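Note that the structure is predicted; figures quoted are calculated from it, not measured. Quick note on labels: first sequence line is chain A, next is B, and so on, each numbered from 1.
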Amino acid sequence: MSFWFKIKPATRFVTKKGMQMENPVEIQVDTVVESSIKTPGPDSWHLYLEMLRSRLYEVEVKRLWQDGAIPGEMHLSMGEEGIVVGIVDQLIDGDAMALDHRATTALLVRGVDPVLLLKEFMGRPDGLGGGMGGHMHLFSREYLSASSGIVGSSGPAGVGFAIANQRLRPGKISVAFFGEGAVNEGMMLESFNLAAAWKLPVMFVCKDNGQAVVTQSKKVTGGNLLERATGFGLRAVEVDGSEVEEVWKVANGELRRLRNGEGPVFVYGTCVHLEGHFLGDQLLRQAHLSVSETIKMAASLVKAHTQSRGAPLRERTASLRETLGILRESARIHRSKEGDPIPILRKKLADMDADKLRQAEQRAQDEIEVIIQRATAPVEQLEGGQQ
Amino acid sequence: MSFWFKIKPATRFVTKKGMQMENPVEIQVDTVVESSIKTPGPDSWHLYLEMLRSRLYEVEVKRLWQDGAIPGEMHLSMGEEGIVVGIVDQLIDGDAMALDHRATTALLVRGVDPVLLLKEFMGRPDGLGGGMGGHMHLFSREYLSASSGIVGSSGPAGVGFAIANQRLRPGKISVAFFGEGAVNEGMMLESFNLAAAWKLPVMFVCKDNGQAVVTQSKKVTGGNLLERATGFGLRAVEVDGSEVEEVWKVANGELRRLRNGEGPVFVYGTCVHLEGHFLGDQLLRQAHLSVSETIKMAASLVKAHTQSRGAPLRERTASLRETLGILRESARIHRSKEGDPIPILRKKLADMDADKLRQAEQRAQDEIEVIIQRATAPVEQLEGGQQ
Amino acid sequence: MRKLNFGEAIEDALMQAMANDEKIIIIGEDVHGLRLNLRVRFGRDRVLPTPISEAAFVGAAVTAAMGGLHPVVEVMLVDFIGVPMDAILNQAAKIERFSNGKWKVPLVIRAACGGGYGDGGQHEQSLWGWLAHIPGLVVLVPSTPFDAGGLMTAALAHNGPVIYLEHKLLSEALLDSLGGGSRMHASFNVPVDGARGEVPKVWEPIQIGQGVIRRVGEHLTIIAVGVSVHRALEASIVMEKKSISAEVIDLRTVAPLDKKLVIGSVSKTGRMLVVDEDYQGYGLSGELAATALEAGVGMKYSRVCTEDTIPFSRELEYKTLPNVERIVDAAIDLVNR
Amino acid sequence: MRKLNFGEAIEDALMQAMANDEKIIIIGEDVHGLRLNLRVRFGRDRVLPTPISEAAFVGAAVTAAMGGLHPVVEVMLVDFIGVPMDAILNQAAKIERFSNGKWKVPLVIRAACGGGYGDGGQHEQSLWGWLAHIPGLVVLVPSTPFDAGGLMTAALAHNGPVIYLEHKLLSEALLDSLGGGSRMHASFNVPVDGARGEVPKVWEPIQIGQGVIRRVGEHLTIIAVGVSVHRALEASIVMEKKSISAEVIDLRTVAPLDKKLVIGSVSKTGRMLVVDEDYQGYGLSGELAATALEAGVGMKYSRVCTEDTIPFSRELEYKTLPNVERIVDAAIDLVNR
Ligand SMILES: Cc1ncc(C[n+]2csc(CCOP(=O)(O)OP(=O)(O)O)c2C)c(N)n1
Ligand SMILES: Cc1ncc(C[n+]2csc(CCOP(=O)(O)OP(=O)(O)O)c2C)c(N)n1
Ligand SMILES: [Mg+2]
Ligand SMILES: [Mg+2]
């Protein structure tokens, strides 16, 4: 099932960039590649396109945010598509998802209508939550999916969905997504224990991008997260988030165990923050500062560094160096894009069949355009046509 | 320093049971055994007497509670003296203690005035907290000691004291005491991480008595607590709480490490609940039910077990059996007193010098009597004399 | 009608509701002991004892509700509700809004509340007005066995989050375990009509948001919930001897408020005396003042509430919680203004 | 006098206080970035970035204060204060009481608050009235750079727990990062007099519990804090054209209340209009009604508050938070009653 399936009716409009959709010719969408749920191994083409569509969608989200069409904070999931797609692709009816502040990819892949989602980001009355929730508070009852802006809250939420599934929908499971920073939040840790003690069908998925806002998580985290999870009696497995096929394979086995009632699992995957913490991230901006901004920032820093009374000079310099180091490191990751799962798989597919790849990518691009057009059309125009 | 040192002035009254203290002859207390802080190994006589005094004191607390002189809940520390004395005996000026709902032994051994403490339990205006706090909210600024009735809160409290000591009193440490049930509380888990990340001089002491109110903690706890602590980057050591000398030795090394700034430690010790969860514990009462009570309780149970609509009969029987099992197990522990650190050491000392033991015990008994008399004297009588 | 104790009434209502609705489950610390009868009847799958992890299990109860169950999640004492507060403030109370009404959270958060048995300031709070500040929550505080069962039934019929508070002075089992009722000399000022009373054979829900006039009077309106209702009634008898006729309203529901009842009574008497065991400032007592004023009802106003942290000492505790003397004094003062 | 932005004024006051008092430390998430200047000047030992563990580090701040430090502990947004709530409700606020006044908890809990920049209902709450319900807490809400620095100075001179709330619409850096101020088309209704203003060279504490009359008027008293003060002032200018003369009180301190100021002004105007960005029910607006009534001051009363969860949509958000039109309408209505 491809993610734009939920555009109702399930149609794809033949259209050209910028063309008005007066009388769009409707064509039934044929899913580019069949869902890989029943296949013995991952369908790489399918996984690639899921990731790509999410990426393209978020590129547009970024543009809309920068244009001021999306208010407030906006945390993209760019960079974590490998982990998210590798798991969510395999979820089925009745499975639940507890999501954090980076919910876009998971919801899209799960099948939530991308148009409704984008409208919600814009706060439109015809959005997924009627503009009441916004991008950190996304809810799809149909897909048993709920997001929250409170770091750590997806832990208990995942546990609760699993309690309900254990009783009402045996064999159905829940997945909780969160960052490595959230693993220091008490409610998350408690939920590890609760899941283990009750042997709940919940998969805890830690997407470790190394950072929590401007904090390098290693510096504030004791021990090792896999061992930490084990210390709560959780089964713990590690995946490389830049390899979606690997994630898919590991998840496949783990989901089977979960559905069989073999108890909860902690899946730990590394990934990257391609767009900083949120759009407009100060870290990234400061790493690309204009001259005047640098001077302005420097002025207060220079003052702090030199004023009388305070820490010894050595300590002042060390603390300045430390923070500047974080800035530089952040910028370096951003530039290098190392660990991005999309180019990695793309290279493989290009070697396999460059033509097929080009065509599929073009199709994905076209679909995104349609979504954007529909999502940004004035509310009036859609009334009646939209459910 | 023995615990009744803090009776001000540090005196001991020669008195007989029940005798009025009209003109008590004051005798300067000579500490029965010198403090063992500087000795290379534990002073067993000293440790025994610390434990014994605490036990005798709590026997009186129990009596006063049963007489209605102490209101509310009353959680005794009876059974955990081995862990508490083995550690607190070695604390020094500037060290801090974060305590849970079983604070009595720790405060007594640390040196808090036992008379003021008992008065606080009774809610007297001349008590430690003027009757404002009560037995779960005991504070001694002098000894940097604070207790709280919120399970898990001694974790963050221990961390905070350690932050202050790290900055204001280098070489001074803090100790946080809590039960095994508290290790499922998020704030406690977070504080493990915080201490490890900041390398704080805090000793987390888990007193595992196997139970949290009527819950057998193993049934609701995933993994193993020592591994759990390790998963947060804490150093973790285990002690047998029935062997106070062993506790003392382990704590001695750990305290040295802490004072040297080598980072936090988790000390895990097993112990017993000799008086149930709190005084009047329903579990213990139900294990010794009168006939009429049994019938009354049984009546509603029989109904629950047989009424139409509900779980299958097998499940009903199983859940009944489970809870009755907890009752029986609790009563068994209570009766057997296995793991009680006091008789274990007593036997050893009796073999060494039975006379000395008898005399020391008599002295301890006398001192407790004085404390009780002073603490239960009318408020008026003490005004002026008491600070 | 049969008679039950307050706690028995709650259990009885739960027993009936759970027999009728398999989606109801109970989650909380020690519930295998505290709710033994329910566990034996409905099985271990429906009465779930938890670790001491309030943040996780209250948070989990929210999505368990969203996933199709109707949990009754227990936070032993309302004093401990700070621990799982985020799940209440930012999840349970807000999800129906965030989802534009599409996803409801049918959840009962049950906790013991209230003081008067010498357990100190971290174990005797009421906090109902504090919780009522959060939009999206229903807050219920019964004062009799009849209401205790009826409001629990209502809570379980409500398709949203409900805070259900059980006053410890009314609840035999709680008073016994926390106040040490097993001893000879412990004595508590338990309102008899609150602790035991007539209850229906088959429970019917009491309308949420509907208060009740417990006593008709002319000179002033006393508004209260929980144990304070009984204190107010007792005070009214004292006042009667001084020719003061008090009307006593039992709100039963702290949120939403029964504005009509309040406004009607105060319009008649011209005087409002709020008796609130919860903290005085920024809470229920102020809200009642605003409610009448907003409706254009002028009045003389006074309140007898808990003004500060509750002391442990029984004597100081007595003075701090609303008591009959304080109520009578305030009423006399109000009537003479 | 020099001029500073709101956030700069807070930093400046902290800078001076920390230079004078080595016991002041800063604890919180990302403070090595958010308080970079302070960290560079005072070193890594005094500005401590934490893991995302609010319950632990707020709880730790309480005993760090008891151990001799004076921590400023940051909970990024007041919306997240549910997470460490127990440390506030049951520890920070109660320990002075429990110890019979012998042990104080000198602690500033700093958080950003308020809405108006499109961040949704879990990130735009105010909650000051909610926090003020807890006895033992001081709650400060500055509305200008002058007050921001002066109240931070006061908070650090106070020997007890203080909640210090910094409104995001007034604070350039917060608005920039959370509202996306870096983009071209984002626009926010920022009150200029609140965002930037004159400040003293050397900070003096502003008396805690002392409000200020921002505008003298005759027909009604508008009472507000934070951004709502500016909305009220703007509304007053509109009203003036309709010959309504409004007095505007900026409470500055939510708890303890400046009762004298409130009572004095309402006695004069006979009308109280509370403008409160915090939730309406069971909070500050009701407390103000009760305060006047208790003092025997009769009045006409109305309020413009946040009545429900704050919607994400800019349009709905605008309607939900107190705005100039709502204030003017309520004032006209009140004056014509
Ligand atoms: C309880 C709470 N504390 C703090 C925040 C502010 N905050 C939002 S995202 C974030 C960092 C989360 O880090 P991580 O869990 O690693 O996720 P990432 O953003 O890296 O994907 C923080 C601190 C919050 N939203 N909720
Ligand atoms: C936050 C919180 N939740 C629940 C309680 C009720 N309670 C008091 S003691 C206790 C059990 C604690 O067990 P443990 O930590 O093992 O200590 P023990 O009593 O066995 O010494 C519980 C659940 C509480 N006081 N605080
Ligand atoms: Mg991260
Ligand atoms: Mg225990």
(request) Evaluate the side-chain proximity of A:Lys303 to D:Asn37: yes if any heavy-atom separation is below 4.5 Å, no if none is. (result)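 Side-chain contact under 4.5 Å: no.
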(message) Is any side-chain heavy atom of D:His123 closer than 4.5 Å to one of A:His137?
(response)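 Sidechains of D:His123 and A:His137: in contact.
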Under 4.5 Å from a heavy atom of chain D, the part of [X] involved:
| X | result |
| --- | --- |
| A:Met122 | backbone |
| A:Thr215 | both |
| A:Thr317 | neither |

(request) Quick one: which of D:Gly120, D:Pro49, D:Ser53, D:Gly33 has the most heavy-atom pairs under 4.5 Å with chain A, could you say? (result)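 Result: the option with the highest number of such pairs is D:Ser53.
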(request) Flag the one option from D:Gly118, D:Gly82, D:Gly179 with the top tally of heavy-atom pairs under 4.5 Å to chain A. (result)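 If we count pairs closer than 4.5 Å to chain A, D:Gly118 comes out on top.
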Could you look at [X] and say if it's the side chain, the backbone, both or neither that has a heavy atom under 4.5 Å from chain A?
| X | result |
| --- | --- |
| D:Glu124 | neither |
| D:Leu316 | side chain |
| D:Arg314 | side chain |
| D:Val83 | side chain |

Out of [options], which one racks up the most heavy-atom pairs below 4.5 Å with chain D?
| options | value |
| --- | --- |
| A:Gly186, A:Ala69, A:Ala318 | A:Ala318 |
| A:Ser217, A:Gly152, A:Gly127, A:Gly149 | A:Gly149 |
| A:Arg314, A:His135, A:Gln307, A:Lys219 | A:Gln307 |
| A:Leu189, A:Ile150, A:Val151 | A:Ile150 |

If you compare all heavy atoms of [X] against all heavy atoms of [Y], which two are closest, and at what distance to 0.1 Å?
| X | Y | result |
| --- | --- | --- |
| D:Pro51 | A:Val220 | CB-O, 3.4 Å |
| A:Gly123 | D:Ser313 | O-CB, 3.1 Å |
| A:Glu315 | D:Asp45 | OE2-N, 4.3 Å |
| D:Phe312 | A:Phe121 | CE2-O, 3.2 Å |

Nearest 0.5 Å, please: how far is [atom2] in [Y] from [atom1] in [X]?
| X | Y | atom1 | atom2 | value |
| --- | --- | --- | --- | --- |
| D:Ile52 | A:Glu185 | CD1 | CD | 6.5 Å |
| D:Glu11 | A:Ser300 | CD | OG | 6.5 Å |
| D:Ile310 | A:Met132 | CD1 | CE | 10.5 Å |
| A:Met187 | D:Glu54 | CE | CD | 7.0 Å |

(message) Other residues, nucleotides and ligands only: do more than 12 of their heavy atoms fall within 6.0 Å of CD on D:Glu172?
(response)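 Incorrect, the count does not exceed 12.
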(request) Check whether more than 12 heavy atoms from other residues, nucleotides or ligands sit under 6.0 Å from atom CD of D:Glu325, and answer yes or no. (result)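 More than 12 heavy atoms, drawn from other residues, nucleotides or ligands, come within 6.0 Å of this atom.
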Sub-3.5 Å donor-acceptor pair from the side chain of [X] to the main-chain atoms of [Y], do we have one?
| X | Y | value |
| --- | --- | --- |
| D:Arg41 | A:Ser308 | yes |
| D:Asp30 | A:Val214 | yes |
| D:His32 | A:Ser319 | no |

